[in-house]
Amino acid sequence: MEALLIVGLIFSGVGLIFLMVACIIYFNKKSSDRRYTGKAYGEVLRLLTDSFRNPSFSDFRTRSSYSPEVRFFTSMGVEVVSHPVIFTYPCKYQVGQTVTVLYDENNPQKIKIAGDNTAKILYIIFFSVSALLLLIGIPMLIISLI
């Protein structure tokens with residue numbers, strides 16, 4: 001019974017940590033959604049790259065993730081060239097492509113591309129894993145305490 005208690009505590013504890021991370025990602029996304037009040041159409045000027053090691057390949061080949069550098073004009077007519085913080089793999093954009101840009105009107109350098117669901121996918125994954133861990137851990141705790 002003591003082993004069941006320890007395993008239940010571990011599953012529940014890790015589940016709570018994943019739940020906290022999911023909540024942090026969710027509320028950060030909601031906060032940033034309120035910040036990006038400007039909307040414009042922009043053109044992808046070039047693709048910025050960031051290299052990473054891909055552990056899914058046995059030889060750990062280096063891969064690149066991409067972020068589009070976009071030129072757009074604010075509602076005040078100011079030209080801005082910027083890129084979102086998030087890099088994607090595989091590349092979702094092409095040079096010359098027109099994209100919808102959401103930007104912070106107080107700081108137009110802070111942008112995101114409309115339809116980018118990376119943060120949403122992350123908090124769904126973290127929430128799902130936390131739910132699974134808690135569904136395993138809490139019954140173990142209850143059984144071990146009975």
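No hydrogens, no waters, no symmetry mates; every other heavy atom, side chains included, goes into these values.
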Exercise. With sequence neighbours excluded, tell me which residues meet salt bridge (Lys or Arg N to Asp or Glu O under 4.0 Å) with Lys112.
Key: Asp33
Quiz prompt | Phe127 atom CZ: more than 12 heavy-atom contacts under 6.0 Å | solution = no
Exercise. Hey, could you give me the CZ/CG distance between Phe72 and Leu102, rounded to the nearest 0.5 Å?
Key: 9.5 Å
Quiz prompt | Minimum heavy-atom distance between Phe87 and Thr49, given as atom pair plus value | solution = CE2-C, 4.0 Å
Self-check item: Whether over 12 other heavy atoms sit under 6.0 Å from Gln94 CD
Solution: no
Quiz item: Counting distance only, does the side-chain N/O of Ser31 pair as donor-acceptor with the main-chain N or O of Phe27 below 3.5 Å?
Solution: no
Practice problem: Locate the shortest heavy-atom distance separating Ala22 from Phe126; write the atom from each residue and the value. | Solution: CB-CB, 3.7 Å
Quiz item: Is there a side-chain contact between Leu47 and Cys91 (heavy atoms, below 4.5 Å)?
Solution: yes
Quiz prompt | CZ on Phe73 to CD on Glu43, rounded to 0.5 Å | solution = 10.0 Å
Quiz item: Under a 4.5 Å side-chain heavy-atom rule over Ile, Leu, Val, Met, Phe, Trp and Tyr, are Val99 and Ile86 clustered together?
Solution: no
Quiz item: Which heavy-atom pair separates Pro108 from Ile111 by the least distance, and what is that distance?
Solution: O-CG2, 3.3 Å
Quiz item: Are Leu134 and Ile136 connected, step by step, through hydrophobic side chains (Ile, Leu, Val, Met, Phe, Trp, Tyr) whose heavy atoms are closer than 4.5 Å?
Solution: no
Self-check item: Pairwise side-chain contact, Tyr103 with Val80, heavy-atom cut-off 4.5 Å (strictly under)
Solution: no
Quiz item: Is Leu133 linked to Ile24 within one hydrophobic cluster, defined over Ile, Leu, Val, Met, Phe, Trp and Tyr using a side-chain heavy-atom separation of less than 4.5 Å?
Solution: no
Practice problem: Check whether any side-chain heavy atom of Lys39 lies under 4.5 Å from a side-chain heavy atom of Thr100, and answer yes or no. | Solution: yes
Quiz item: Distance from Lys120 atom NZ to Ile25 atom CD1, nearest 0.5 Å?
Solution: 14.0 Å
Quiz item: Are the side chain of Ser67 and the backbone N or O of Leu48 linked by a donor-acceptor pair below 3.5 Å?
Solution: no
Tell me which donor-acceptor pairs under 3.5 Å the side chains of residues 14-21 have, and how far apart each pair is, sequence neighbours excluded?
none

Quiz item: For Arg46 and Val95, which heavy atoms make the closest approach, and how far apart are they?
Solution: CA-CG2, 3.9 Å
Quiz item: In Å, rounded to the nearest 0.5 Å, how long is the span from CD1 of Ile143 to CD1 of Ile138?
Solution: 12.0 Å
Quiz item: Under a single-linkage definition using a 4.5 Å side-chain heavy-atom cutoff for Ile, Leu, Val, Met, Phe, Trp and Tyr, are Leu9 and Ile6 assigned to the same hydrophobic cluster?
Solution: no
Quiz item: Is the number of heavy atoms from other residues, nucleotides or ligands under 6.0 Å of Gln109 CD greater than 12?
Solution: yes
Self-check item: Rounded distance [0.5 Å steps], CG in Leu4 versus CG in Leu145
Solution: 9.0 Å
Quiz item: Side chains of Leu5 and Leu141: closer than 4.5 Å at any heavy-atom pair?
Solution: yes
Exercise. Taking the side chain as every heavy atom from C-beta outward, state whether Val101 and Tyr36 have any atom pair closer than 4.5 Å.
Key: no
Quiz item: Nearest 0.5 Å, what's the SG-CG distance between Cys23 and Asn28?
Solution: 11.0 Å
Practice problem: May I ask whether Tyr66 and Ile113 are part of the same hydrophobic cluster, defined by side-chain heavy atoms of I, L, V, M, F, W, Y residues being less than 4.5 angstrom apart, directly or through others? | Solution: yes
Quiz prompt | Shortest non-hydrogen separation from Ser12 to Gly137 and the atoms involved | solution = OG-C, 3.2 Å
Exercise. Sort and list the pairs that fulfil salt bridge (charged side-chain N to carboxylate O under 4.0 Å, His left out) and have at least one residue in residues 92-106, not counting sequence neighbours.
Key: Lys92-Asp116
Exercise. Test Val70 against Tyr93 for side chain to side chain contact (heavy atoms under 4.5 Å, CB included), laying out the working first.
Key: CA-CA 11 Å; Val70 180; Tyr93 306 99; over 6 Å; no
